[in-house]
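So that the names make sense, note that chain A is the first sequence line, chain B the second, and so on, each numbered from 1. Given the structure is predicted, the values throughout are model-derived calculations rather than measurements.
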2 protein chains.
Amino acid sequence: MAVTIDDERLDAMFAALADRTRRDIVARLSEREATVGELAAPYAMTLQAVSQHIGVLERCGLVSRSRHRQTRPCRLEPQALEAAVSWIEESRRAWAERMDRLEARLARLQDGQQR
Amino acid sequence: MAVTIDDERLDAMFAALADRTRRDIVARLSEREATVGELAAPYAMTLQAVSQHIGVLERCGLVSRSRHRQTRPCRLEPQALEAAVSWIEESRRAWAERMDRLEARLARLQDGQQR
DNA sequence: CTCTTGATAAAGCATCTGCTTGAGTAATCC
DNA sequence: GGATTACTCAAGCAGATGCTTTATCAAGAG
């Protein structure tokens with residue numbers, strides 16, 4: 001049986017990924033760890049705003065922040081992405097199954113006994 | 001090369017999937033087509049609200065509405081889910097690659113020449 | 001101890017979102 | 001034609017979101 005995924009967690013995950021700055025941060029963290037300051041550098045917004053974005057990613061489990069001297073290194077927690085992917089894949093699987101059934105019925109109709 | 005996915009489309013897709021009523025509608029449409037009224041029936045909200053939810057799913061390409069007599073049958077457009085899945089998978093792939101490189105380096109260090 | 005660096009916390013604000021109610025429309029029924 | 005069904009359109013509102021500015025804090029550097 002497929003894993004049942006918590007609705008509230010999915011709300012938070014998809015909402016987090018609905019912002020392109022946050023998606024960009026996730027993509028960059030999938031390449032290497034980075035501090036809040038390093039993550040903030042490329043964007044035309046304050047460090048505070050980026051820190052808030054990281055907070056959103058942290059609350060939904062996608063990113064974790066630790067401490068090293070004055071900095072807060074962030075790293076991706078990729079198993080959290082699992083929840084989103086499996087929800088989507090489940091919907092696609094159901095849809096593909098339905099299409100298969102429809103095709104099978106159509107094939108039986110065309111195949112000979114069309115009284 | 002991996003397919004490059006449009007940022008605005010991803011914004012809309014993830015935002016659409018961040019609402020559980022809309023995710024539920026997608027899940028139900030992955031089982032069978034349904035009219036706006038049929039989709040609205042189970043929820044404790046007005047038909048108008050559900051029609052608006054379907055509008056959101058329609059604008060991001062996940063669902064399409066047609067006409068049949070007075071009703072508006074809705075159906076899922078599953079290839080749109082592709083965009084979301086491939087973005088997520090790309091991040092995960094990069095992360096897995098990085099972990100492999102780290103493990104390989106660690107193995108080389110442990111393996112003999114640790115001068 | 002003071003100054004700087006790298007960050008978080010809190011408050012304020014414009015905009016967006018999810019929902020409502022009320023009105024309008026197209027197709028069907030009588 | 002008028003009433004009914006299945007919806008859409010539009011306005012309004014409370015609460016969430018993305019950003020800002022100001023203030024605060026914790027860890028070195030001098």
Side-chain angles (χ1 to χ4, degrees), chain A residues 6-29 32-76 84, chain B residues 6-29 32-76 84:
Chain A
D6 178 57
D7 258 344
E8 286 193 43
R9 202 170 159 205
L10 276 179
D11 279 357
M13 288 268 306
F14 283 120
L17 295 174
D19 183 280
R20 65 184 83 176
T21 302
R22 288 194 293 259
R23 280 200 306 278
D24 195 49
I25 289 170
V26 167
R28 288 167 63 204
L29 288 177
R32 68 188 61 80
E33 294 188 15
T35 65
V36 177
E38 286 164 355
L39 288 171
Y43 308 118
M45 67 180 81
T46 61
L47 178 76
Q48 288 91 320
V50 174
S51 180
Q52 284 170 23
H53 278 306
I54 296 168
V56 172
L57 293 169
E58 209 173 19
R59 254 169 270 127
C60 77
L62 274 169
V63 163
S64 64
R65 265 186 283 206
S66 51
R67 277 171 172 259
H68 179 249
R69 298 170 182 263
Q70 307 101 303
T71 69
R72 303 287 190 289
C74 304
R75 74 165 187 280
L76 194 63
Chain B
D6 179 57
D7 257 343
E8 286 193 44
R9 203 170 157 204
L10 276 179
D11 279 358
M13 287 268 307
F14 282 121
L17 295 175
D19 182 280
R20 65 184 83 177
T21 302
R22 287 194 294 259
R23 280 199 305 279
D24 196 51
I25 289 171
V26 167
R28 290 167 62 204
L29 288 177
R32 66 189 63 79
E33 294 188 15
T35 65
V36 176
E38 285 164 354
L39 287 171
Y43 309 117
M45 67 180 80
T46 61
L47 178 76
Q48 289 93 318
V50 175
S51 180
Q52 283 170 23
H53 279 306
I54 296 168
V56 172
L57 293 169
E58 209 172 20
R59 254 168 271 127
C60 76
L62 274 170
V63 163
S64 64
R65 265 186 282 207
S66 51
R67 279 171 170 259
H68 179 250
R69 298 172 181 262
Q70 309 100 304
T71 68
R72 304 288 189 287
C74 304
R75 73 165 187 280
L76 193 64

Could you tell me how far apart [X] ([atom1]) and [N] ([atom2]) are, to the nearest whole angstrom?
| X | N | atom1 | atom2 | answer |
| --- | --- | --- | --- | --- |
| Leu57(A) | dG18(D) | CG | P | 10 Å |
| His68(B) | dA6(D) | NE2 | C1' | 13 Å |
| Ile25(B) | dG18(C) | CD1 | P | 11 Å |
| Arg23(A) | dG18(D) | CZ | P | 12 Å |
| Arg72(A) | dA9(C) | CZ | C1' | 12 Å |
| Arg69(B) | dC7(D) | CZ | C1' | 16 Å |
| Ile54(B) | dC9(D) | CD1 | C1' | 15 Å |
| Gln48(A) | dG12(C) | CD | P | 17 Å |

Requested in this report: Indicate whether OP1 or OP2 belonging to dC7(D) is found under 4.0 Å from a side-chain N or O atom of Ser51(B).
Outcome: no
Report task. Answer yes or no: does a side-chain N or O of Thr21(B) lie under 4.0 Å from OP1 or OP2 of dG18(C)? Result -> no
Query raised in the report: How is Arg22(A) classified with respect to the nucleic acid when contacts are heavy atoms under 4.0 Å: base, sugar-phosphate, or nothing?
Result: sugar-phosphate
Query raised in the report: Touch check for Thr71(B), heavy atoms < 4.0 angstrom, all strands: base, sugar-phosphate only, or nothing?
Result: sugar-phosphate
[X] side chain: which of [options] is closest?
| X | options | value |
| --- | --- | --- |
| Gln70(A) | dA27(C), dG28(D), dC7(D) | dG28(D) |
| Met45(B) | dA27(C), dT20(C), dG18(D) | dT20(C) |
| Leu47(B) | dC19(D), dA27(D), dC7(D) | dC7(D) |
| Asp19(B) | dA27(C), dC19(D), dG18(C) | dG18(C) |
| Ala49(A) | dG18(D), dT20(D), dA7(C) | dT20(D) |

Identify the two heavy atoms, one from [X] and one from [Y], that lie closest to each other, and give their separation to 0.1 Å.
| X | Y | value |
| --- | --- | --- |
| His53(A) | Ile25(A) | CB-CD1, 4.2 Å |
| Gln52(B) | Arg59(B) | O-NH2, 4.5 Å |
| Ala18(B) | Ala15(A) | CB-N, 3.5 Å |
| Ser51(B) | Arg65(B) | OG-NH1, 3.4 Å |

Query raised in the report: Step by step, would you call Glu8(B) with Arg20(A) a side-chain contact (heavy atoms from CB on, under 4.5 Å)?
Result: CA-CA 8 Å; Glu8(B) 286 193 44; Arg20(A) 65 184 83 176; 3.2 Å; yes
Query - Given DNA chain C, 5'-ward residue of the pair Ala44(B) and Glu38(A), judged by closest heavy atom - result: Glu38(A)
